Amino acid sequence: MVEDISQQSLSEGLTTNIIGRNIVYYPSVTSTMEAARQAVERGEGEGTVIIAGRQSAGRGRIGRTWLSPEGGVALSVILRPKMANLPHLTMLACLSVAYSIKAVTGLKTQIKWPNDVLINDKKVCGILTENDLRGNRVRNSIIGIGINVNISIKDYPEIAGIATSLAGETGDEVSRVDIISSLLAEMERLYLTLPDRAEEIFHAWRDSLITLGRNVTVQNGATTYEGMAESVDRDGTLMLRDKAGRLKRVVAADVTTG
Ligand code: BTN
């Protein structure tokens with residue numbers, strides 16, 4: 001039987017005060033990013049979480065699609081951070097996913113720059129952050145999180161070589177209610193530490209990156225660079241040392257290990 005992840009069954013176990021106090025659940029939706037945008041226009045408040053049983057047009061970073069069948073977790077969180085806290089949102093989202101997977105399944109994860117969560121070098125979660133900025137003010141920030149929970153990856157040849165799922169790793173079904181509850185609790189805990197503990201969030205994220213110190217290929221559209229992933233800036237920018245010894249700043253791209 002498919003586990004019920006509707007608003008009612010999630011609300012019971014929720015320990016948060018802001019994130020997830022208002023949950024909007026759709027059995028099926030195009031993308032929770034679109035649904036979150038509509039929720040913003042309706043005037044839904046900070047901490048509103050849009051959750052979908054499945055998405056028919058899930059979106060990934062840099063124009064990619066995100067496969068989102070029944071059995072996964074697909075959600076978007078609406079936040080209204082201060083401008084100075086913006087770079088830390090994706091970092092804290094990555095960490096929250098990692099901590100919740102560890103807490104619920106015991107599995108250890110790594111982070112591939114900037115925000116892919118991996119298990120044994122295979123992607124288990126992707127994060128997409130979209131910000132609506134007005135001048136030097138953040139109108140809202142929508143953090144979309146997709147986790148492969150109870151998905152049989154071998155049924156999806158297009159991702160079979162690069163992705164994994166929690167059920168695939170543990171050999172058993174994993175409760176999506178537990179994952180979502182833990183994830184929202186971790187997100188709120190870290191979010192409320194900003195800006196005072198931004199440095200700690202940055203360090204924890206940086207120390208979990210498997211990308212640093214590796215030779216990588218960095219691709220964004222038609223642009224490709226190769227080099228050594230040397231370090232990350234406090235705003236999350238990747239510093240890449242190219243073959244000619246020049247240091248390049250990479251803000252958004254897909255990184256593969258070469
Ligand atoms: C990536 O790795 O490229 C980011 C994937 C982000 C997927 C999530 S699933 C919930 C939310 N809705 C979407 O359409 N995308 C994000």
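This one's a predicted model, so the numbers in the text were calculated from it and none came from an experiment. Atoms within a ligand are numbered from 1 in the order they appear, just like the ligands themselves.
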**OP:** Taking all non-hydrogen atoms of both residues into account, name the closest pair between Ile145 and Ala93 and its distance.
**Re:** CD1-CB, 4.4 Å
Original post:
With side chains defined as the heavy atoms from C-beta onward, is the minimum distance between Leu238 and Leu212 less than 4.5 Å?
Top reply: yes
**OP:** Please name the pair of heavy atoms, one in Phe202 and one in Val232, separated by the smallest distance, quoted to 0.1 Å.
**Re:** CZ-O, 3.7 Å
Subject >> Distance-only donor-acceptor check, side chains Asp172 and Thr170, under 3.5 Å >> reply: no
Original post:
Do the charged groups of Glu41 and Arg139 touch, with an N to O distance under 4.0 Å?
Top reply: yes
Put together the list of close N/O pairs, under 3.5 Å, between ligand 1 and the protein, could you?
unit_1   : atom_1 : unit_2 : atom_2 : d
ligand 1 : 2 (O)  : Lys123 : NZ     : 2.6
ligand 1 : 3 (O)  : Arg61  : N      : 2.6
ligand 1 : 3 (O)  : Arg64  : NH2    : 3.0
ligand 1 : 12 (N) : Thr32  : OG1    : 3.0
ligand 1 : 12 (N) : Gln55  : OE1    : 2.9
ligand 1 : 14 (O) : Ser31  : OG     : 2.7
ligand 1 : 14 (O) : Gln55  : OE1    : 3.4
ligand 1 : 14 (O) : Arg59  : N      : 2.6
ligand 1 : 15 (N) : Arg59  : O      : 2.7

Subject >> Steps toward salt bridge (charged side-chain N to carboxylate O under 4.0 Å, His left out) verdict (Arg21, Glu188) >> reply: CA-CA 11 Å; Arg21 278 294 130 201; Glu188 178 162 306; over 6 Å; no
